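From a predicted model like this one, the values you see are computed outputs, not experimental measurements. All ligand and atom numbering here is 1-based and tracks the order in the structure.
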Amino acid sequence: MCGIIGIVSDKQVESYLIDGLKRLEYRGYDSAGIATVNDHQIHRRRSAGKLGNLQALLQHEPIQGQIGIGHTRWATHGAANTENAHPHSSREVAVVHNGIIENFFDLKKQLQKKGHKFESDTDTEVIVHLITDYLHQGDQPLKAVQKTLTDLHGAFALAILFKDDPNTLIATRQGSPLVLGIKENELFVSSDAVAFAPWTQQVCYLEEGDLVVLSKEPKFNYVLYDRTGHKVERPLRRSQITGESVSKAEYSHYMLKEIFEQPTVLSDTLQSLLNFENQMITLKDVNIDWNTLDRIQIIACGTSYYAGLVAKYWFEKWAGIAVDVEIASEFRYRNPVLSPNSLSILISQSGETIDTLAALSLLKENEHQVLALVNVPESSIARKADHVLQTLAGPEIGVASTKAFTSQLMVLACLSLKIGRERGVIKPDTYDSLVQALVSLPGMISHVLQNSEDYQKLALSFTTARNCLYLGRGITYPIALEGALKLKEISYIHAEGYAAGELKHGPIALIDLTMPVVVLAPYDEWFEKTLSNLQEVIARGAQLLCLTDQKAAEKIKQQVKSVCQIEIVVLPFVDSFIEPILYTIPVQLLAYYIALLKGTDIDQPRNLAKSVTVE
Ligand code: F6R
């Protein structure tokens, strides 16, 4: 979703702002803009489309200034055009905004009655006019912003510049993240520390309702106020995000880099949980009595929801505990009946997804125990949950989630073994062999990645497809869903994932020569049945891509007559426990190479945003 950057510096900030915005591109956007204050005037440049358009504009019409704000906008209120692009400004102030002002319509009507003229269709513009109105009434910038905040309903983060106070930038958050970056002679504020990662690692995360005044004089200082308007201090931290961790290195796309990082990040994530000497899984700072639990509900969106679906198989089998998996955007529309002995696990890479946050609020209102699994430990979900587990995937920049998903699976797999052991459900030797399977995984994934060229060739036969079906049975079923989601997100080919057993209950009607089918068919307890589904697909003329292992491949070759219709990719044979993690790699590579051939914008697919902070 939208990205904010603000910079107070002793140098010209135009190119800094653009650099920062480039690192926020991953969030998804459709217009961009920057503003500075110089010579007691606000200077502003905005452009629809990608940042390249804004850069081209700035080449012809550069702007000066050592204090500035920038924004990438993901359209909500009003089309993705220049008029609606941020910053929005009056003669006196310029504002960039993430989130939504829910009462903007009424505020706009009131302001229009007072004679304010609006230039855009956005909700943001009311903020500009409210602050301007208070300034006209004689308030100082801080007071004008504080009064404006009391008028606004919704979830938002703001950064604001003032024509008559060229040394001051004010930023505030309420429901949308904001982080401060501190350096000698420079201060930054952004929706994500990624934006200023090459310039400073010293950061301070704003709490809900905080407001910060960044001042150039004297000596680049900042003052923080809490939601009640009192001065507060917040801890300074060292961000783990470095310039290097947000670079594409030698890869053509972040997504490819992140796919290839999986052996390392899975190994890091496992090492953070497992004592290799005694094979014990330790969850630091998570004090839950697993024996008293009678149920777990997992709540998440998109790919994180699919991680929850896999976990259901693991927890039920290895920890003997009933699991419900819920789509976060629906959770609060039911009247969920929560057992006092149940635990809710919320999974979110970003830790900022609004629907997952809303589910969390509902759970907290009901005094329900929540464990969050996040990739960003400073995120809103992590701060509000009772217990936190972290994936060590590092920053994920590609919009389509890859390494964050497999890292979530790694944590959930460990969690299932830990709970199973504490509840006495899993036998010690089975526990040891499953731990060993997890230890072997990074090596197996490296092996699959070494053969990534195979997927480039396979991708060729998908580029003309308009629809595609993914089938899985048992624990690979959620990976069929994830494979289909990856494909539709980045290649724009319509794809659906189905439990192979569901094929006959409807989707088989779609199958013909034009519909490729990807089947996840490892040689596991479900293989024989999947083989029958495979025959059914072949009989209807479809082209089949079978992701399988050596033993299953031999069976397929023996039993399926029209092998010419089948492409077989042989993966290492693994315990079914780790199948979902290993089989994710080929579906990611396949989606990536199909999208590459189609020439789509792989890292920032159309209409998508990395962290979905509006409902
Ligand atoms: C798909 C994808 C999304 C996210 C979903 C939840 O590739 O990235 O489906 O998984 O928006 O996001 P988080 O995990 O940040 O809550």
Side-chain angles (χ1 to χ4, degrees), residues 1 3 26-28 74 176-177 191-192 194 253-256 258-259 262 298-311 325-331 344-361 370-385 388-391 393-409 411-412 470 478-493 495 497 584-585 587-592 595 600-615:
M1 304 251 120
Y26 78 95
R27 297 167 72 89
W74 189 85
S176 288
S191 346
D192 189 332
V194 156
H253 293 93
Y254 281 109
M255 182 177 176
L256 192 62
E258 287 158 5
I259 289 173
Q262 289 176 110
I298 300 180
I299 303 164
C301 298
T303 287
S304 295
Y305 167 74
Y306 296 152
L309 289 183
V310 174
V325 191
E326 307 258 359
I327 293 172
S329 57
E330 283 297 316
F331 182 70
S344 294
I345 303 181
L346 271 61
I347 309 175
S348 175
Q349 182 280 128
S350 61
E352 300 295 346
T353 301
I354 194 91
D355 290 315
T356 314
L357 257 172
L360 176 53
S361 302
V370 175
L371 166 68
L373 172 53
V374 295
N375 195 38
V376 184
E378 303 82 11
S379 60
S380 308
I381 290 176
R383 284 148 185 255
K384 287 187 182 158
V388 180
L389 287 174
Q390 197 196 338
T391 47
E396 190 177 68
I397 310 286
V399 162
S401 187
T402 52
K403 61 175 182 169
F405 175 64
T406 46
S407 304
Q408 288 166 349
L409 292 181
V411 175
L412 293 164
Y470 284 68
I479 307 308
L481 297 173
E482 170 62 4
L485 179 63
K486 283 297 87 101
L487 186 68
K488 64 184 127 181
E489 279 184 297
I490 62 167
S491 75
Y492 315 145
I493 295 173
T584 298
I585 313 302
V587 298
Q588 292 172 345
L589 287 169
L590 190 65
Y592 175 80
T600 57
D601 190 349
I602 293 181
D603 283 333
Q604 294 152 40
R606 67 184 180 205
N607 306 335
L608 291 182
K610 183 69 184 164
S611 83
V612 181
T613 51
V614 292
E615 288 180 52

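- Within ligand 1, counting atoms from 1 as listed, the ones closer than 4.0 Å to a heavy atom of Ser348 are 13 (P), 14 (O), 15 (O), 16 (O).
- The single protein non-hydrogen atom nearest to atom 12 (O) of ligand 1 is Thr353 OG1, 3.5 Å, given as residue, atom name and distance.
- Nearest-heavy-atom check against atom 15 (O) of ligand 1 across Gly302, Ala300, Ala609, Ser350 picks out Ser350.
- For ligand 1, the atoms lying closer than 4.0 Å to a non-hydrogen atom of Ser304 are 10 (O), 13 (P), 14 (O).
- In Glu489, the part holding a heavy atom less than 4.0 Å from any atom of ligand 1 is the side chain.
- The nearest heavy-atom contact from the protein to atom 5 (C) of ligand 1 is Cys301 O, 3.6 Å.
- Side chain of Glu396 to main chain of Lys403: a donor-acceptor pair is present (N/O by atom type, distance under 3.5 Å, no hydrogens or angles).
- Under the 3.5 Å distance criterion, the side-chain polar atoms of Asn375 are matched with a main-chain donor or acceptor of Gly394.
- The two residues Glu258 and Ile397 come nearest to each other via the heavy atoms OE2-N, 2.7 Å.
- Atom numbering of ligand 1 starts at 1 in the shown order; those under 4.0 Å from a heavy atom of Val399 are 8 (O).
- With a 4.0 Å heavy-atom cut-off, ligand 1 is reached by no atom of Glu352.
- Distance alone, capped at 3.5 Å, is enough to place a donor-acceptor pair between the Thr600 side chain and the Ile490 backbone.
- Looking at Lys610, its side chain never comes within 3.5 Å of a backbone N or O of Gly28 through a donor-acceptor pair.
- Between atom OG1 of residue Thr584 and atom CD1 of residue Ile479 there is a gap of 3.5 Å, rounded to the nearest 0.5 Å.
- Scanning both residues, Ile381 and Leu360, for their nearest heavy atoms gives O-CD2, 3.7 Å.
- Below 4.0 Å from some heavy atom of Lys486 lie the following atoms of ligand 1, by number and element: 1 (C), 7 (O).
- Once rounded to the nearest 0.5 Å, the distance linking OG of Ser361 with NZ of Lys384 reads 5.0 Å.
- Given atom 4 (C) of ligand 1, the protein heavy atom at minimum distance is Thr303 N, 4.0 Å.
- Protein heavy atom in closest approach to atom 11 (O) of ligand 1: Val612 CG2, 4.1 Å.
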